[in-house]
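Written out below as structure tokens is the structure these notes cover.
The figures that follow rest on heavy atoms only: side chains count, while hydrogens, waters and symmetry mates do not. Numbers restart at 1 for each chain; the letters A, B, ... are given by sequence-line order, proteins then strands.
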Amino acid sequence: MPGVRVRFAPSPTGELHIGGARTALFNYLFAYSEGGKVVLRIDDTDLERSRSDYIDKLIASMHWLDLEWDEGPYYQSRRLDKYTGEAERLLAENKAYRCYCSAEMLAEGRSEARKESKAYLYPGTCRELTAEQEEAFQKEGRVPVIRLLTPDQGNTVVRDEIRGEVSFENANLDDFIIIKSNGLPTYNFASVVDDLQMDITHVIRAEEHLSNTPRQQLCALALGYELPKFAHVPMILAPDRSKLSKRHGATSVEEFYSEGYLPEALVNYMALLGWSPDAGGEEEIFSLDQMVNRFDLYKVTKTAAVYDVTKLSWMNSHYMREYDLNRLTEAAVPFFEQKSLVEAPLNNEEYNYLKQVIAAVRERAKTLVEMADISTYFYHDRFEYDQKGVQKHFYKENAAQHILKAAEELQKLEPYEKESIENLYRTLSEELGISTGRLIHPTRLAITGRTAGPGIFEIMALLGRERTVERLKKAADYIEKNLPQK
RNA sequence: GGCCCCUUCGUCUAAUCGGUUAGGACACCAGCCUUUCAAGCUGGCAACAGGGGUUCGAAUCCCCUAGGGGUCACCA
């Protein structure tokens, strides 16, 4: 389908939400799977809530996710003449009219309707104002809005690429506002004008916009333009099936970044929320390019998806294992910095050490934050011994002597490296007449404070002879002092 | 409340024209591997919201009910 043009049109009133990010993703996947183009448009006609720092953050998040675009960003706030121009035209063609009703009057009507538990529809009070009446209102200082004149009868049918035909009764649609009294267009009008003028062929957006679509079609009809195709993708819900909000943990792309998720994992996870590639496949790991190749808009689900952090975590740990080690190291630096383990910029030696640490721990962490967390003992020995481990490994018969003996031997070991350390431990345990585990477990506890972690010989080699021996001695000391008298 | 959308394992999902032991992934459980933890491998648990139709046959088509979500702004 040549000539496909989609747009992603966020409003800069907050950080990029996971739902918005997935909408952007689907737009991206669809456009490029069809050889089309992506337009980025900033819908910033709400002066009260739009903030320029959100625009920067939004764009930064898009780049981080690697969701690039071909055109834009365009800003609605810089295209205001387009909307007023089109509105003037509708006015001239008698397809729209000025309305002088005050916000107070409307609010009154609404609360009235609420009492009767009915939906409020603007009654069309100003539909047939005479020139004299308008002049009188203007002299009073009333500033009008512009409303679209909508049909009272018949139906407006939305042809949705995902949901099929959805029919709305025009009687339920009132003469809605297209230009506010401050001269700015409303969403339903601005987005239609832009979609039409920017030659957008497919409007792919969240399901919450489905109910607005008939209004937009009415706008397009009045403007005399051809309609783009619509596709409303399902929403993303919180685990309790309510709307996703801050109380459900991370919801914005930025938060996922700072919690230590990799962009590839987030993108991969989001894609699978509402879409799945060819049937039956066991594989669920896809790069952006692979997704583009397999994407099919018509296979997007109709059902809202519950966002579940567990699967994202699994996916993230998968990407951490598979990532190029240098890239992973670079991605990890800020997180190690945050824990005061390293200080950027790292010199060569520091970088190489960090790289080795990461190689050792990467497959044991689900996020970069967790990775930094479990790496602290590679940087300092300010750790407590895990108490369960102490019971289990330190208070065993002769544990202190064993550790001390190992320390002694390690001091003399040449060369001091992973393989030779392992050999030493194997022969030493044999000499002592104990299992290698009896030596290994207390050693791990002594030099890491933990009972779990990477291969112990790898840790010892990485830590170096000095720190290893020192920590072993310190542990032996601890055992002597704390060993319960039996 | 009106209008609109949706409903398959706990979660994400698959099932060409109606005929499958209803498949996969995550999570969970068990076993294997192993110096621990992970990872990996093997196996297991687990779903068609409910009720009516249509049909030889329904997860799939129709209707009703229930539940969830969205929307009803001079927000987008």
Pairwise P distance for C45(B) and C6(B), with rounding to whole Å: 34 Å
Does U71(B) have its OP1 or OP2 closer than 4.0 Å to a side-chain nitrogen or oxygen of Arg215(A)? no
Classify Val166(A) by what it touches in the nucleic acid, base, sugar-phosphate, or nothing, heavy-atom distance under 4.0 Å. sugar-phosphate
Under 4.0 Å from OP1 or OP2 of G68(B): is there any side-chain N or O of Lys243(A) that close? no
Parallel, tilted or perpendicular: rings of Trp314(A) and His318(A) (30°, 60°): tilted
Hey, does His232(A) reach any base, or is it just sugar-phosphate, or nothing, if we go heavy atoms under 4.0 Å? nothing
Decide yes or no, distance alone: a donor-acceptor N/O pair under 3.5 angstrom between the base of G24(B) and the side-chain of Glu284(A). yes
Nearest heavy-atom pair of Leu262(A) and Ala331(A): which atoms, and what distance? CD1-CB, 4.4 Å
Using a 4.0 Å heavy-atom cut-off, does Asn188(A) contact any base of the nucleic acid, only the sugar-phosphate backbone, or nothing at all? nothing
In whole angstrom, give me the gap between the C1' atoms of C4(B) and C26(B). 33 Å
Gly437(A) near the nucleic acid: base, sugar-phosphate alone, or nothing, with a heavy-atom cut-off under 4.0 Å? nothing
Just how far, in rounded Å, is P of U71(B) from CD of Gln216(A)? 13 Å
Distance (rounded to the nearest 0.5 Å) between Phe176(A) CZ and Cys219(A) SG: 4.0 Å
With a 4.0 Å cut-off on heavy atoms, is Cys99(A) in touch with a base, just the backbone sugar-phosphate, or nothing at all? nothing
Would you kindly check if the NZ (Lys) or CZ (Arg) of Arg147(A) is within the cone defined by 45 degrees around the ring axis of Tyr122(A) and under 6.0 Å from the six-membered ring centre? yes
For A14(B) and Ser276(A) - does any side-chain N or O of the residue sit under 4.0 Å from the phosphate oxygens OP1/OP2? yes
Looking only at atom C1', what distance separates G69(B) and C32(B), rounded to whole Å? 45 Å
Who is the Watson-Crick or G-U wobble partner of C28(B), with both distances under 3.5 Å? G44(B)
What is the ring orientation for Trp275(A) with Phe295(A), classed by angle as parallel under 30°, tilted 30 to 60°, or perpendicular over 60°? tilted
Contact class for Thr310(A) (heavy atom, under 4.0 Å): base, sugar-phosphate, or nothing? sugar-phosphate
Taking only side-chain nitrogens and oxygens of Thr45(A), does any of them come within less than 4.0 Å of OP1 or OP2 of A76(B)? yes
So what does Gly455(A) hit on the nucleic acid, given a heavy-atom distance under 4.0 Å: a base, only sugar-phosphate, or nothing? base
Tell me which nucleotide among A76(B), C74(B), A39(B) gets nearest to the side chain of Ser181(A). C74(B)
Which is true for Ser211(A) with a 4.0 Å heavy-atom rule: it touches a base, it touches only sugar-phosphate, or it touches nothing? base
If you measure from the C1' atom in U65(B) to the same atom in A27(B), how many Å do you get, rounded? 33 Å
Salt bridge (charged side-chain N to carboxylate O under 4.0 Å, His left out) assessment of Arg426(A) paired with Glu422(A): CA-CA 6 Å; Arg426(A) 302 245 178 249; Glu422(A) 176 158 8; 2.7 Å; yes
Starting from C1' on C12(B), measure out to CG on Asn316(A) and report it in whole angstrom. 17 Å
Of the candidate nucleotides U36(B), C74(B), C5(B), which contains the atom at the shortest distance from the side chain of Arg110(A)? C74(B)
Rounded to the nearest 0.5 Å, what's the gap from CZ on Arg450(A) to CD1 on Ile374(A)? Could you check? 7.0 Å
Please report the closest heavy-atom contact between Ser181(A) and Val145(A), naming both atoms and the distance. N-CG1, 3.5 Å
Test for a donor-acceptor pair under 3.5 Å between the base of C37(B) and the side chain of Arg364(A), counting only N and O atoms. yes
Ile447(A) CD1 to U36(B) C1', straight-line distance once rounded to whole Å: 12 Å
Looking across every strand, which nucleic acid part, if any, lies under 4.0 Å from Ser191(A) by heavy atom: base, sugar-phosphate, or nothing? nothing
Contact class for Phe168(A) (heavy atom, under 4.0 Å): base, sugar-phosphate, or nothing? sugar-phosphate
What integer number of Å spans the C1' atoms of A76(B) and G70(B)? 15 Å
Would you mind pulling out the nucleotide paired to G67(B), Watson-Crick or G-U wobble, both distances under 3.5 Å? C6(B)
Partner lookup for U21(B), please. Criteria are Watson-Crick or G-U wobble with both distances under 3.5 angstrom; report none if nothing qualifies. none
Select base, sugar-phosphate, or nothing to describe what Ala305(A) touches, counting heavy atoms under 4.0 Å on all strands. sugar-phosphate
Among U11(B), G69(B), A73(B), the one nearest Tyr120(A) by side-chain distance: A73(B)
Please state the P separation for the pair U8(B) and C48(B) - nearest whole angstrom. 11 Å
With C1' as the reference atom in both, quote the distance from U7(B) to C64(B) in angstrom, rounded to an integer. 15 Å
Of the candidate nucleotides U35(B), C4(B), G70(B), which contains the atom at the shortest distance from the side chain of Leu210(A)? C4(B)
List the steps, then state whether side chain to side chain contact (heavy atoms under 4.5 Å, CB included) holds for Tyr74(A) with Ile42(A). CA-CA 6 Å; Tyr74(A) 295 118; Ile42(A) 307 296; over 6 Å; no
Reading RNA chain B from 5' onward, which residue's closest nucleotide shows up sooner: Glu208(A) or Asn182(A)? Glu208(A)
Expressed in whole Å, how much space separates the P atoms belonging to A14(B) and A49(B)? 14 Å
Which comes earlier along RNA chain B counting from the 5' end, the contact point of Ile179(A) or that of Ser167(A), where each point is its nearest nucleotide? Ser167(A)
With a non-hydrogen cut-off below 4.0 angstrom, is Arg450(A) in contact with a base, only sugar-phosphate, or nothing? nothing
Base paired to G1(B) (Watson-Crick or G-U; both N/O distances under 3.5 angstrom): C72(B)
So which nucleotide from U11(B), C12(B), C5(B) ends up closest to the side chain of Leu273(A)? C12(B)
Between the base of C6(B) and the side chain of Thr303(A), is there a donor and acceptor pair under 3.5 angstrom? no
Counting Watson-Crick and G-U wobble pairs only, both distances under 3.5 Å, name the nucleotide matched with C37(B), or none. none
Given U35(B), is OP1 or OP2 found less than 4.0 Å from the side-chain N or O atoms of Lys392(A)? no
With a non-hydrogen cut-off below 4.0 angstrom, is Arg241(A) in contact with a base, only sugar-phosphate, or nothing? sugar-phosphate
Just the rounded figure in Å: distance from C1' of A39(B) to CD1 of Ile358(A). 18 Å
Classify the side chain of Lys311(A) and the base of A27(B) as holding, or not holding, a donor-acceptor pair under 3.5 Å. no
Applying the Watson-Crick and G-U wobble criteria at under 3.5 Å, what pairs with C61(B)? Answer none if nothing qualifies. G53(B)
Mark yes or no for a side-chain to base donor-acceptor pair under 3.5 Å between Arg444(A) and U35(B), with no hydrogen or angle criteria applied. yes
How would you label the contact of Ile456(A) with the nucleic acid (heavy atoms, under 4.0 Å): base, sugar-phosphate, or nothing? base
Any salt bridge linking Lys311(A) with Asp308(A)? Criterion: basic side-chain nitrogen under 4.0 Å from a carboxylate oxygen. no
